[in-house]
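Below you'll find the structure, written out as C-alpha cells, and then a few comments.
Scope of the values below: all heavy atoms of this structure, side chains included, with no hydrogens, waters or symmetry mates.
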Amino acid sequence: MKSIQELQDLREDHLYKVALREEDEEYILARNSKDKVHYNVLYCAGTGCTASNSPAIGDALIENCEKYGIADKVNVIKTGCFGLCQKGPIVAIYPDEVFYSHVTPEDAERIVTDHLIGGEVVEELQLTDIDPETKEVIKDISKIKFYEKQERIALRNCGKLNPEDIYEYIAVDGYTALGKVLKSMTPQEVIDVMKASGLRGRGGAGFPSGLKWQFEKDQPGNEKYVICNADEGDPGAFMDRSILEGDPHAIIEGMTIMAYAVGANQGYVYIRAEYPIAVNRLRIALDQARELGLLGRNIFDSGFDFDIEIRLGAGAFVCGEETALIASIEGKRGMPTPKPPFPAVAGVWGKPTSINNVETLANVAQIINNGAEWYSSIGTEKSKGTKVFALGGNIVNTGLVEIPMGTTLREIIYDIGGGCPNGKKFKAVQTGGPSGGCLTENELDTPIDYENLIAAGSMMGSGGMIVLDEDNCMVDVAKFYMEFICDESCGKCSPCRIGTKRLLEMLTKITEGEGTLEMLDEMEQLCYEIKDTALCGLGQTAPNPILSTLKNFREEYEAHILEKRCPAGVCKKLLTYEINPDKCKKCSLCARNCPVNCISGVPGKEPYVINKEKCIKCGTCISACRFGAVERK
C-alpha cells in the first residue's frame with residue numbers, strides 16, 4: 001500500500017460487500033450499484049456457535065440458495081460473535097435486520113424459501129423480546145433489551161463483517177486510521193491523542209495506555225517492541241477471543257499504530273493455543289495485510305517498517321502477567337520477575353516493550369478516526385470509553401456485553417442480562433475472575449468503573465462477570481477460585497506457592513464440616529500476608545475471592561462450621577438425603593436409578609428408605625423422583 005488514495009479506491013471498490021448491512025446514503029449508493037445482490041445472510045462462526053454446528057448452517061444456506069436459484073442474489077457470510085450467545089447459533093438477514101436464533105441446519109431451507117424468496121419472516125425462529133410495560137413483542141434488534149443499552153466500539157465489527165475478508169474491513173474505514181497516522185501525524189501527536197482520550201488498559205490493571213506508550217517512546221535506542229496480550233485465562237472470560245475471531249484486522253491496525261507511536265518495528269501477538277479459530281483468523285488477516293502492503297516494509301510509502309509474529313502460549317494463567325508473558329515469548333518458563341524495571345524500560349529481549357491486551361487495541365483506530373474528545377465523552381471522569389464483559393453464570397442472557405463506563409451492575413444483570421433464570425433470587429456477582437471479588441445486592445447500583453469496583457471490594461479485571469444465585473454456595477465459590485489459583489501458580493514465590501495451598505486446605509476443611517471459627521481469622525490474616533508479599537499481581541490478588549466472601553457472606557462460613565450445614569445444598573460432605581414417607585408413592589424410581597443401590601423398599605407396599613452410610617450424595621434420587629418425596633437437607 002503506497003498511498004491513502006489506493007486505500008480509498010479499495011474502499012469504494014468493495015463498499016458494496018457491506019452495503020446491505022448499513023443505512024447511510026453512501027452505502028445505499030453502493031448497494032444500488034451492485035443491485036443484483038438482494039440479501040446479506042450472516043451466520044455466527046465464533047467458537048460457541050461453531051460448537052453448535054454453525055458451519056453446517058452456513059453450508060446448508062448456500063446449498064439451498066443454489067437449489068432454489070437465488071445464489072446470485074444472496075451473499076452467505078461467516079462472521080464473528082453477535083454477543084447474545086444464549087440464543088446461538090444466530091443467523092442475521094440484511095437489509096431486513098432480522099435475527100434468527102437457535103438455528104439448526106434443518107432450518108436453512110425455510111429461511112431461504114419463506115424469507116429470502118417469499119419475503120415472510122420465519123416467526124418461530126425470529127429473535128424477539130417482550131416490552132415489560134406494554135407486553136408487546138419487540139422485533140427491532142436495536143430495541144431488544146440485550147442490545148438497547150450497549151455501545152459497541154471494541155465489538156463494532158463483530159457480527160457485522162467477514163473476519164477472513166480484509167476488503168470488508170477496508171470498506172468500513174479499516175486502515176484509514178493507520179494511513180492518517182503514518183501520513184499526517186508524528187509519533188508524539190499519536191501518543192498525545194491517546195493520552196487525551198483517557199483510554200486505560202482493558203487487561204485488568206487499568207493503566208493509562210498513552211502514558212505506557214510515552215514511557216517506551218522516551219527510552220533510548222532503536223530496537224523496541226510491542227506485544228498484544230491475548231492470553232485470556234480468567235474462568236468465564238472470552239472477550240479477547242471473540243474480538244480476534246470477529247475483527248482481527250482491528251488488532252493488527254491498533255498494534256501498527258502503537259508500534260509507530262513508540263518506535264517499534266516488530267510486534268508479537270501472544271495467544272493461547274486453545275483458541276484455534278482466533279489463531280487461524282489472525283494468521284489469515286496477517287497474510288492479507290502483508291499482501292496489500294499494510295504490514296512489512298515502507299507501509300504507505302512512509303518509511304515505516306513493521307511486522308507481527310504470533311507466539312502460542314500453552315495455557316498457563318500466569319502468562320497473562322506481562323513479565324511472565326515476556327519470558328514465555330523468549331522461550332523461557334513463564335514466571336514473573338520483580339518490577340522495576342518495567343517492560344517499557346526492559347521488556348522482551350531486554351529492550352523497551354509496550355504490552356496492551358486485545359480489547360485495548362481494538363479501540364485505538366476508532367480513537368484516531370473519531371478523535372480523543374469523542375472517546376473521552378463516553379464513560380466517567382476517570383474511566384473513559386466502554387468496557388466489554390463476558391456475562392455468564394446463572395443469568396438468562398449469557399454473552400458478550402459492551403457498555404459505557406458508569407453503567408450500573410443492576411443495568412447489566414437485569415436490563416441486559418435478564419436476571420437469574422427460573423425465578424431464582426440473585427445472590428452475588430463475581431467480577432475480575434480469580435483476582436476479583438463477589439459483590440452483593442447492596443452493590444447492584446454501583447457504577448462500573450475501575451475505582452468504584454475496587455472500592456466495593458472487587459475489581460474490573462479483564463471483564464469476566466459471573467452471576468450467582470441462591471443455589472450457589474459462597475464458600476464453594478471461594479474454594480473453586482482457590483483451586484484454580486493453586487493449579488495455575490507458577491511456584492516462584494512462597495507466598496503464592498505455599499500460602500494459597502494453605503488457604504485451599506482450610507476452605508476444604510470448612511466445606512467438609514471440619515472447620516473451626518479460628519480458621520476464619522487465620523484465613524483472613526493469611527490473605528493479607530499473601531497480598532503484601534507475593535511477587536506478581538496475580539499472587540497479590542489471589543486472596544480477593546476469600547476476602548470478599550468472608551466480608552459479605554460470613555454467615556455461610558459459620559453455618560458450615562457451627563451447624564455442619566451448607567445453606568445452598570452444594571457441599572456434598574455436609575448433605576443428607578431423606579425420603580419423606582408421606583410423599584413417597586412407593587414407585588421404586590429412586591431405587592432403580594440409584595448408582596450404588598443404597599435405597600430399599602417394597603414397590604407398592606412400603607415407602608423407600610435411603611441408607612445414609614452407603615449414599616454417595618450424587619442427587620440422582622432427587623432427579624428421578626417425580627413427586628418431590630426425596631429431600632436434600
Side-chain angles (χ1 to χ4, degrees), residues 235 317 393 427-428 430 432-440 457-458 466 468-491 493-534 538-578 596 598 610-619 622 632-633:
F317 179 66
K427 191 172 194 177
Q430 168 81 12
S435 302
C438 294
L439 304 178
T440 70
S458 187
I466 309 297
L468 309 170
D469 68 15
E470 59 190 82
D471 291 337
N472 291 106
C473 169
M474 302 312 295
V475 184
D476 184 67
V477 168
K479 180 185 169 187
F480 165 80
Y481 282 111
M482 197 49 57
E483 286 174 335
F484 179 84
I485 289 294
C486 286
D487 284 343
E488 295 292 341
S489 173
C490 75
C493 71
S494 55
C496 184
R497 182 182 70 249
I498 301 173
T500 57
K501 183 69 172 176
R502 297 290 86 82
L503 288 174
L504 178 58
E505 289 171 354
M506 286 188 276
L507 285 169
T508 301
K509 287 183 177 180
I510 292 171
T511 58
E512 294 180 353
E514 300 174 4
T516 64
L517 289 177
E518 289 74 20
M519 277 186 185
L520 301 185
D521 294 331
E522 291 173 19
M523 280 201 306
E524 193 166 10
Q525 180 180 352
L526 182 53
C527 283
Y528 286 114
E529 289 173 354
I530 294 171
K531 287 176 73 71
D532 290 341
T533 57
L538 298 182
Q540 292 159 11
T541 56
N544 285 350
I546 294 178
L547 290 172
S548 66
T549 52
L550 275 173
K551 174 186 175 184
N552 295 318
F553 299 97
R554 197 177 188 91
E555 70 280 1
E556 286 200 28
Y557 282 89
E558 292 173 349
H560 284 69
I561 293 168
L562 299 176
E563 303 173 33
K564 311 300 180 187
R565 178 179 67 89
C566 175
V570 172
C571 300
K572 283 188 176 182
K573 291 287 183 73
L574 302 182
L575 299 180
T576 57
Y577 289 85
E578 297 178 0
V596 293
C598 73
I610 298 174
N611 183 332
K612 294 181 182 178
E613 292 184 1
K614 293 177 62 179
C615 177
I616 60 172
K617 304 175 183 180
C618 64
I622 283 186
R632 183 172 59 198
K633 296 184 178 180

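- In summary, Asp476 and Lys573 do not engage in a salt bridge, as defined by a charged side-chain N under 4.0 Å from a carboxylate O.
- Considering Pro434, Ser489, Ser435, Cys496 in turn, Ser435 is the only one that fulfils the side-chain contact (heavy atoms from CB on, under 4.5 Å) rule with Leu538.
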Between Asn472 and Val570, is a side-chain contact (heavy atoms from CB on, under 4.5 Å) present by the stated rule, with each step listed?
-> CA-CA 7 Å; Asn472 291 106; Val570 172; 6.0 Å; no
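- Put simply, the side chain of Lys479 never gets that close to the backbone of Thr511: no donor and acceptor are under 3.5 Å apart.
- In this structure, the separation between SG on Cys473 and CG on Leu468 is 10.5 Å, given to the nearest 0.5 Å.
- Dense packing is recorded around NZ of Lys617, with more than 12 heavy atoms of other residues, nucleotides or ligands lying under 6.0 Å away.
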Output, in order, the C-alpha distance, side-chain angles, deciding distance and verdict of side-chain contact (heavy atoms from CB on, under 4.5 Å) for Leu503 and Ile485.
-> CA-CA 11 Å; Leu503 288 174; Ile485 289 294; over 6 Å; no
Derivation of the side-chain contact (heavy atoms from CB on, under 4.5 Å) call for Ile546 and Tyr481 | CA-CA 9 Å; Ile546 294 178; Tyr481 282 111; over 6 Å; no
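- Between Lys427 atom NZ and Phe553 atom CZ the span is 6.5 Å, to the nearest 0.5 Å.
- Counting heavy atoms from C-beta on, the side chains of Cys571 and Arg565 never come closer than 4.5 Å.
- Separation of atoms CE (Met523) and OG1 (Thr549) is listed at 7.5 Å; rounding is to 0.5 Å.
- Here the straight-line distance linking atom CD1 of Ile610 with atom SG of Cys615 works out to 6.0 Å at 0.5 Å rounding.
- Within the model, atoms CD1 of Ile561 and CD of Glu518 stand 8.5 Å from one another, a figure rounded to the nearest 0.5 Å.
- Salt bridge status for Arg502 with Glu529: absent, with no side-chain N to carboxylate O gap under 4.0 Å.
- Rounding to the nearest 0.5 angstrom, the gap separating the CD atom in Glu555 from the CE atom in Met474 is 10.0 Å.
- Residue Lys564 places its NZ atom among more than 12 non-hydrogen atoms of other residues, nucleotides or ligands, all under 6.0 Å distant.
- Tyr577 is linked by a ring-ring contact (aromatic ring centres under 6.0 Å, His included) to nothing, counting only residues two or more places apart in sequence or in another chain.
- For the residue pair Pro567 and His560, the shortest heavy atom distance occurs at CD-CE1, 3.7 Å.
- Annotation: side chain of Asn544 is in contact with side chain of Lys531 (closest heavy-atom distance under 4.5 Å).
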Trace of the side-chain contact (heavy atoms from CB on, under 4.5 Å) decision for Glu483 with Leu504 | CA-CA 7 Å; Glu483 286 174 335; Leu504 178 58; 3.5 Å; yes
